[in-house]
Amino acid sequence: PTEMEMALARDFADKGMVEIILDFQRILGGVRISPRAETALPGLFAAGESAGGLHGGDRMQGNAFLETQVFGANAGRSAAALVRSSSRAEVDPDQVATEVARVEGIGGKESPAALGETVQQIMWEQVGVVRNGGALRDALAKFDKLRKETVPHLSGDDVFSALEAANLLRTAEMVARAALTREETRASHIRSDYPATDDANWLKHIYLSHRGGAIAVSTLPIVTR
């Protein structure tokens, strides 16, 4: 056994108990794809746990293997076919310049690590397994304030960390918006203000899209064959 394992064993022997806590494993959903693993963005394919929501509101451990193998193969074949039928595209220098300016403009004093910790704390306290409308709306208000007041002033000492923290905030907002939209309890999504499962109204997908800097929320039917 390693030193860490021995330390855990001694801790267990002293206390006679094992501390258990909830932990994040995956987002039960992902990028919407076609059977060929195509996304709505031309030339972008998705596979594995980043794609689909194939297993619905919950899944057994190990099911992601199917998503990586089946849709990974589909994505690879589709990408190869696209390359064979496409000509070399020219890179738009203005688009490159815009992105370079955006990244180089990261130069404030706010800590990306502190932003990440704040987002994690809000998610833990207000967007956990058991949610309610009031807490979700309050969390979204906090996320909006962070996006407007903190993200523009993130430190650029570690550009990757700054971009990662901003993306973490956006992902948290997406999860909270989806949870607020679904006014029922289903699988691992529990709404204390809507404790029943409502197949009549909510047997559908929550669909999030990015429009004009904001997250738009809609629904899509579940297609069965």
Side-chain angles (χ1 to χ4, degrees), residues 19-32 46 49-53 55-59 61 64 102-103 105-198 202 204-219:
E19 190 172 306
I20 299 174
I21 193 169
L22 290 171
D23 193 17
F24 173 81
Q25 183 176 14
R26 64 164 289 174
I27 295 175
L28 295 171
V31 182
R32 183 172 171 80
E49 293 196 3
S50 63
H55 302 290
D58 204 351
R59 68 150 173 84
Q61 177 66 30
R102 182 181 77 87
V103 174
I106 301 173
K109 296 183 179 180
E110 295 286 348
S111 166
L115 173 60
E117 290 174 3
T118 299
V119 172
Q120 290 172 335
Q121 190 66 31
I122 295 170
M123 291 294 287
W124 176 257
E125 294 177 351
Q126 298 180 241
V127 197
V129 175
V130 180
R131 298 101 174 243
N132 68 77
L136 290 168
R137 282 186 286 270
D138 183 65
L140 285 167
K142 291 175 180 176
F143 293 152
D144 184 63
K145 184 176 181 181
L146 288 169
R147 181 167 52 83
K148 292 177 179 177
E149 298 181 4
T150 303
V151 170
H153 305 290
L154 285 173
S155 169
D157 292 343
D158 183 340
V159 172
F160 178 84
S161 294
L163 294 172
E164 185 178 48
N167 288 337
L168 179 69
L169 174 60
R170 182 59 91 181
T171 302
E173 181 184 353
M174 293 169 67
V175 172
R177 288 200 181 282
L180 181 62
T181 300
R182 185 173 289 281
E183 295 180 336
E184 65 156 358
T185 288
R186 182 178 298 274
S188 58
H189 163 74
I190 301 171
R191 285 285 297 267
S192 59
D193 46 349
Y194 294 96
T197 299
D198 184 1
W202 286 107
K204 60 183 73 173
H205 296 288
I206 305 295
Y207 181 65
L208 306 175
S209 56
H210 192 261
R211 298 176 184 173
I215 296 174
V217 185
S218 58
T219 61

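Numbering of residues begins at 1 and proceeds along the displayed sequence.
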Colleague: Measure the spacing between OG1 of T150 and CG of L169 and express it to the nearest 0.5 Å.
Modeller: 8.5 Å
Colleague: Any sub-3.5 Å donor-acceptor pair from T197's side-chain atoms to T185's backbone N or O?
Modeller: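 Confirmed, T197 side chain pairs with T185 backbone.
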Colleague: For I106 versus A162, what's the shortest heavy-atom pair and its separation?
Modeller: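 In this case the closest contact between I106 and A162 is CG2-CB, 3.8 Å.
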Colleague: For A179, does its backbone N or O pair with a side-chain atom of R191 as donor and acceptor, under 3.5 Å?
Modeller: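 Side chain of R191 to backbone of A179: a pair is present.
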Colleague: For the NZ atom of K145 and the CG atom of L140, what is their distance to the nearest 0.5 Å?
Modeller: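 The CG atom of L140 is 15.0 Å from NZ of K145, to the nearest 0.5 Å.
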Colleague: Check this for me: R147, atom CZ, are more than 12 non-hydrogen atoms of other residues, nucleotides or ligands nearer than 6.0 Å?
Modeller: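 Correct, the count exceeds 12.
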Colleague: Side-chain contact, heavy-atom cut-off 4.5 Å: D158 with E164?
Modeller: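 No, their side chains stay 4.5 Å or more apart.
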Colleague: Give, for atom CG of L136 and atom CZ of F143, the distance between the pair rounded to the nearest 0.5 Å.
Modeller: 9.5 Å
Colleague: Could you state the interatomic distance from CD (Q126) to NZ (K142), rounded to the nearest 0.5 Å?
Modeller: 4.0 Å
Colleague: Given M174, which partner from the list I206, V217, L208 fulfils the side-chain contact (heavy atoms from CB on, under 4.5 Å) test?
Modeller: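 Of all the options given, the one that passes is L208.
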Colleague: Looking at R182 and K204, would you say the former's side chain and the latter's main chain have a donor-acceptor pair under 3.5 Å?
Modeller: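 Indeed, once roles are kept as given, a pair shorter than 3.5 Å links the two residues.
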Colleague: When rounded to the nearest 0.5 angstrom, what is the spacing between CG in N132 and CD1 in I190?
Modeller: 12.5 Å
Colleague: List the steps and the verdict of side chain to side chain contact (heavy atoms under 4.5 Å, CB included) for W202 and T181.
Modeller: CA-CA 10 Å; W202 286 107; T181 300; 3.9 Å; yes
Colleague: Looking at T171, L168, V175, T118, which one forms a side-chain contact (heavy atoms from CB on, under 4.5 Å) with M123?
Modeller: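 Testing each of T171, L168, V175, T118 against M123, the sole residue satisfying side-chain contact (heavy atoms from CB on, under 4.5 Å) is V175.
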Colleague: Could you state the interatomic distance from OH (Y194) to NE2 (H189), rounded to the nearest 0.5 Å?
Modeller: 10.5 Å
Colleague: Could you walk me through whether E183 and D198 pass the side chain to side chain contact (heavy atoms under 4.5 Å, CB included) check?
Modeller: CA-CA 8 Å; E183 295 180 336; D198 184 1; over 6 Å; no
Colleague: Any donor-acceptor pair under 3.5 Å linking the side chain of D193 with the backbone of G133?
Modeller: yes
